[in-house]
Amino acid sequence: MEFEKIKNALKKKEGERTKIRGWIYRKRKSGKIIFVVIRDSTGIIQVIIEKNKVTEKEFADAKKALIESSVEVEGIIHEDERAPGGREIHATAFNVVGFAEEFPITEYQSVEFLLDNRHLWLRSRKMTETMKLKAYMLRFIREWFDENDFWEVTPSVITMNAAEGGATVFSFDYFGQEAYLSQTAQMYLEALIFSLERVWSLTPSFRAEKSRTRRHLIEYWHLEAEEAWVRNEENMKLQEEMISYVCQNIAKKCKEQLEFVGRNPEDLMVIEPPFKRIKYRDAIKILQEKGFDIQWGDDFGAPHERALVEGEDKPIFITNFPVESKAFYMKIAPDGKTVECADMLAPEGYGEIIGGSEREEDIKSMIERLKKEGANIENYEWYFDLRRYGSVPHSGFGLGMERLLCWIAKLEHIRDATPFPRLLRRAYP
RNA sequence: GCCGGCGUAGCUUAGUCAGGUGGAGCACCCGGCUGUUAACCGGGCGGUCACCGGUUCAAAUCCGGUCGCCGGCGCCA
C-alpha cells in the first residue's frame, strides 16, 4: 500500500485502510492504549495504538517515542467524535523511522527562545500555514504577471552603485573593490525594459538600517516591476490590479490557511480596483485636521500612516511627494515641487507595502539631485546611458513580500513572514 | 541613535521592594491506568540565580560595571 497525505486519510470512510507518515505532534498514553497525533505537511490526525493490535516491539517503540519522532503508520479509519477532525486511525502497524531527542520547545515559550530555536519552531502549525500563504502569494503574483505580458528576469544582487541612502548599504570586498549588497534591482530592471518592455523580478534586498520595529527586516524579498511606455497613473492601475488579483485568489483558494492565522477571507474578497488616491499635500491637511503636528516636507511615520488608512478597508495611494523627500530617479511633476510617485498603504495600519514612481528621463535633473545626496556620479554613467539611447516614458514599483504577507496573514511582526528572519541583533539560525 | 523592560532548572516562572538553607508548573525518567484532548495519580532527576567586581558575618536580593535579548520611537521600504 502507498503512503498518502493526512489530508486524504481524513476524507476516508469508516473501515477503510490507510498508510501515512509524519512526525509525532502530541502524545498521551494510558497503560494499554496510546494516543498519538501525527503531523505532516497537510494536517494532523490522531492514531490509536492498542497493545493487543500491534506487535510487542511496535507497542514498546510507540511508548518510548518522544514528540517529533518520525513515524510510519498503517491502520483502519474510524469515525469518532472524540478525535480531532472527527476521524482517527486504529493502527495495525507502527514503525518509528527516527526517534527524537527531548524536543526543546514545549507548551510555554518566549519570543526569544522561539527565535533561538527558529529551525525547530518552523514545524509549528502557525508557521507552516504562514509559509504556505507566502507560497500561494508568489504563485498568484506570477500568474498575474504572466497574464499581463511581463517577463520575469534575474538581476544581480551585487552592485557597485550604493544606490539610495548610502549609509544603509552592506559593503564587502569584491576582489579588492568595494561592492554592495543590493537594496533594489530597479536600475537593472530599467535597463531590461528597452528589450523586454515589461519586466519583473523577485530578489533579496538588504538594508543595513538600525531599525528596530515590527515592519523592518534587514533582508527581505523584494518584488519589483518596471514598464516601458507607462506613466504614473497607469503604474498605479497595474499595482491595484495585481494586489486585488492576489487578495481575491488567496481569499478563494486559501480559506483553511487564512482561518488558521485568523484572517477573515471576506476582508480580502473586497479588495478590488480602484484604490483611493490622495495627494501628499491633501494627506498633510487630513493629518493636521486629525491633530497631528506635521507640515509640507515632513515624512510620514507609523502613526501618520495608521491615521491615513483609518476606516479604509482597501489599500490607498499617497501620491506626489515633495521632490526633496524622494529618490533622484523619480520624475519631477509639472508643478516642479513634487514627483510622480505613489506609495501604497495597506489597511489596518500595516503601512507601506508598495513604493512606485514614474522615472526621471532628464539626466541633468538626476545629476543635480544625486549631487545633493553626495553620491558618486561616475557610478551612474551606465544608468544615464539608458536615457541617451532611445529613452521612453517608463514607471515601476517595488513591493515588500513580507509586508504584504503581514497584512494578508494578519501577522503581528514581520519576522514571522519569513522562515529565517535577519534582524538588527539576530542572524542565527 | 533614543526611551523602556527583562536575564533564576531544558522551558515558563515565584522569590529581589525589606540580605539569612532558591520553590513551583511543564518537559524528561520510573511505576499505575484500554478513550486521551494542556490526560490524570504517585515517585524521581534537574540550579555557576547572565558575567565581572564591590559592600556585608552573610548577596539571586544592595551598589558599580559588562554582555545578551525583547518592546517602542527615530531612520527607512
Side-chain angles (χ1 to χ4, degrees), chain A residues 25-37 44-54 59 63-68 78 80-86 88 90 100-117 120-121 163-169 182-186 204-224 298-305 318 321 325-327 341-346 350-357 397-404 406 412-415 417 423-426 428:
Chain A
Y25 179 65
R26 297 282 183 267
K27 191 179 130 179
R28 294 165 208 101
K29 58 179 197 280
S30 165
K32 298 192 176 75
I33 183 167
I34 302 171
F35 302 87
V36 181
V37 179
I44 59 170
I45 191 167
Q46 175 162 279
V47 173
I48 311 296
I49 302 147
E50 289 170 284
K51 193 164 187 169
N52 54 12
K53 303 268 176 65
V54 295
F59 193 79
K63 215 169 155 181
K64 74 173 191 217
L66 302 183
I67 300 280
E68 290 303 322
H78 279 282
D80 194 312
E81 281 180 6
R82 292 168 297 188
E88 60 188 17
H90 285 234
E101 292 180 25
E102 196 181 323
F103 202 62
I105 300 174
T106 59
E107 63 185 287
Y108 307 110
Q109 311 115 358
S110 60
V111 170
E112 185 182 348
F113 185 73
L114 291 180
L115 285 171
D116 285 339
N117 289 280
L120 302 176
W121 180 237
E164 318 193 4
T168 62
V169 292
S182 167
Q183 296 188 312
T184 170
Q186 181 201 316
S205 272
F206 303 88
R207 303 283 165 103
E209 289 154 14
K210 300 210 166 165
S211 296
R212 186 175 176 75
T213 81
R214 60 178 75 183
R215 302 182 308 281
H216 290 84
L217 289 169
I218 301 300
E219 176 193 28
Y220 66 98
W221 285 86
H222 205 171
L223 184 102
E224 294 172 275
D298 291 345
D299 247 325
F300 299 145
H304 306 117
E305 290 184 350
I318 309 291
F321 280 71
S325 67
K326 290 288 182 184
C341 71
D343 285 358
M344 188 192 290
L345 305 184
Y350 278 97
E352 183 181 344
I353 49 176
I354 293 183
S357 71
F397 61 90
L399 176 157
M401 283 297 296
E402 285 80 9
R403 284 198 180 171
L404 178 60
C406 266
E412 298 207 330
H413 200 296
I414 198 163
R415 64 181 167 226
L423 304 165
L424 186 54
R425 290 195 164 102
R426 190 178 282 280
Y428 174 93

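Below, chains carry the letters A, B, ... as their sequence lines are ordered, and counting in each starts from 1.
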Using the [atom1] atoms only, state how far [M] lies from [N], rounded to an integer number of Å.
N: G35(B); M: G71(B); atom1: C1'; result: 44 Å
N: A14(B); M: C57(B); atom1: C1'; result: 28 Å
N: G15(B); M: G32(B); atom1: P; result: 39 Å
N: C62(B); M: C70(B); atom1: C1'; result: 26 Å
N: C52(B); M: U12(B); atom1: P; result: 22 Å
N: U48(B); M: U61(B); atom1: P; result: 16 Å
N: C26(B); M: G44(B); atom1: C1'; result: 16 Å
N: U21(B); M: G47(B); atom1: C1'; result: 14 Å

When you get a sec, tell me which of [options] is the closest nucleotide to the side chain of [X]?
X: Arg82(A); options: C76(B), G35(B), G10(B); value: G35(B)
X: Phe113(A); options: C73(B), U34(B), G10(B); value: G10(B)
X: Thr213(A); options: G71(B), C73(B), A27(B); value: C73(B)

Review point. Is the shortest heavy-atom distance from the side chain of Phe103(A) to the side chain of Leu66(A) under 4.5 Å?
Key: no
**Study point:** Non-hydrogen side-chain atoms of His216(A) and Arg207(A) separated by less than 4.5 Å
**Key:** no
Which part of the nucleic acid does [X] contact within heavy-atom distance under 4.0 Å: base, sugar-phosphate only, or nothing?
X: Glu50(A); answer: base
X: Ser110(A); answer: sugar-phosphate
X: Lys29(A); answer: base
X: Arg403(A); answer: base
X: Leu217(A); answer: base
X: Ile354(A); answer: nothing
X: Ile105(A); answer: nothing
X: Asp299(A); answer: sugar-phosphate
X: Arg426(A); answer: sugar-phosphate
X: Asp80(A); answer: base
X: His78(A); answer: nothing

Partner of [N] by Watson-Crick or G-U wobble geometry, both contacts under 3.5 Å, or none?
N: A60(B); result: none
N: G1(B); result: C73(B)
N: G25(B); result: C11(B)
N: G35(B); result: none
N: U48(B); result: none

Length of the line joining [X]:[atom1] and [N]:[atom2], which is rounded to integer Å:
X: Lys210(A); N: G74(B); atom1: NZ; atom2: C1'; value: 14 Å
X: Ile218(A); N: A77(B); atom1: CD1; atom2: C1'; value: 12 Å
X: Leu423(A); N: G71(B); atom1: CG; atom2: P; value: 8 Å
X: Gln183(A); N: C75(B); atom1: CD; atom2: P; value: 17 Å
X: Leu66(A); N: C30(B); atom1: CG; atom2: C1'; value: 15 Å
X: Phe206(A); N: A77(B); atom1: CZ; atom2: P; value: 17 Å
X: Arg214(A); N: G74(B); atom1: CZ; atom2: C1'; value: 16 Å
X: Glu107(A); N: G10(B); atom1: CD; atom2: P; value: 18 Å

Is there a donor and acceptor pair closer than 3.5 Å between the side chain of [X] and the base of [N]?
X: Thr168(A); N: C76(B); answer: no
X: Arg212(A); N: G71(B); answer: yes
X: Glu88(A); N: G35(B); answer: yes
X: Gln46(A); N: U36(B); answer: yes

Check your understanding: In terms of side-chain heavy atoms, does Tyr220(A) have a donor or acceptor partner in Arg403(A) at a distance below 3.5 Å?
Key -> no
Study note, to complete from the structure: When Arg425(A) and Glu209(A) are each assigned the nearest nucleotide of RNA chain B, the 5'-most assignment goes to Arg425(A)
Check your understanding: Starting at the 5' end of RNA chain B and moving along, which residue's nearest nucleotide shows up first, Ala302(A) or Glu112(A)?
Key -> Glu112(A)
Practice item. Determine, stepwise, if the pair Asp299(A) / His304(A) fulfils side-chain contact (heavy atoms from CB on, under 4.5 Å). Key: CA-CA 9 Å; Asp299(A) 247 325; His304(A) 306 117; over 6 Å; no
Review point. Between Lys27(A) and Ala65(A), is there a donor-acceptor pair closer than 3.5 Å when you use the side chain of the first and the backbone of the second?
Key: yes
Check your understanding: If only atom types and distance count, is the side chain of Glu50(A) paired as donor or acceptor with the main-chain N or O of Lys32(A) below 3.5 Å?
Key -> no
Review point. Do Glu352(A) and Phe300(A) pass the side-chain contact (heavy atoms from CB on, under 4.5 Å) test, and can you show the C-alpha distance, the side-chain angles, and the key distance before you say yes or no?
Key: CA-CA 10 Å; Glu352(A) 183 181 344; Phe300(A) 299 145; over 6 Å; no
Exercise for review: Check the geometry between Phe103(A) and A27(B) and answer yes if their rings are stacked (centres below 5.5 Å, planes below 30°), otherwise no.
Suggested key: no
Review point. Where is the tightest heavy-atom contact between Leu120(A) and Pro104(A), given as atom of each residue plus distance?
Key: CD1-CG, 3.5 Å
Point to revise | Arg214(A) and Ile414(A): CA distance, side-chain angles, deciding distance, side-chain contact (heavy atoms from CB on, under 4.5 Å) verdict | key: CA-CA 6 Å; Arg214(A) 60 178 75 183; Ile414(A) 198 163; 5.8 Å; no
Check your understanding: For His413(A) and G71(B), is the shortest distance between a side-chain N/O and OP1 or OP2 below 4.0 Å?
Key -> yes
Exercise for review: Look at the side-chain N and O atoms of Arg28(A) and state whether any lies under 4.0 Å from the OP1 or OP2 oxygen of U34(B).
Suggested key: no
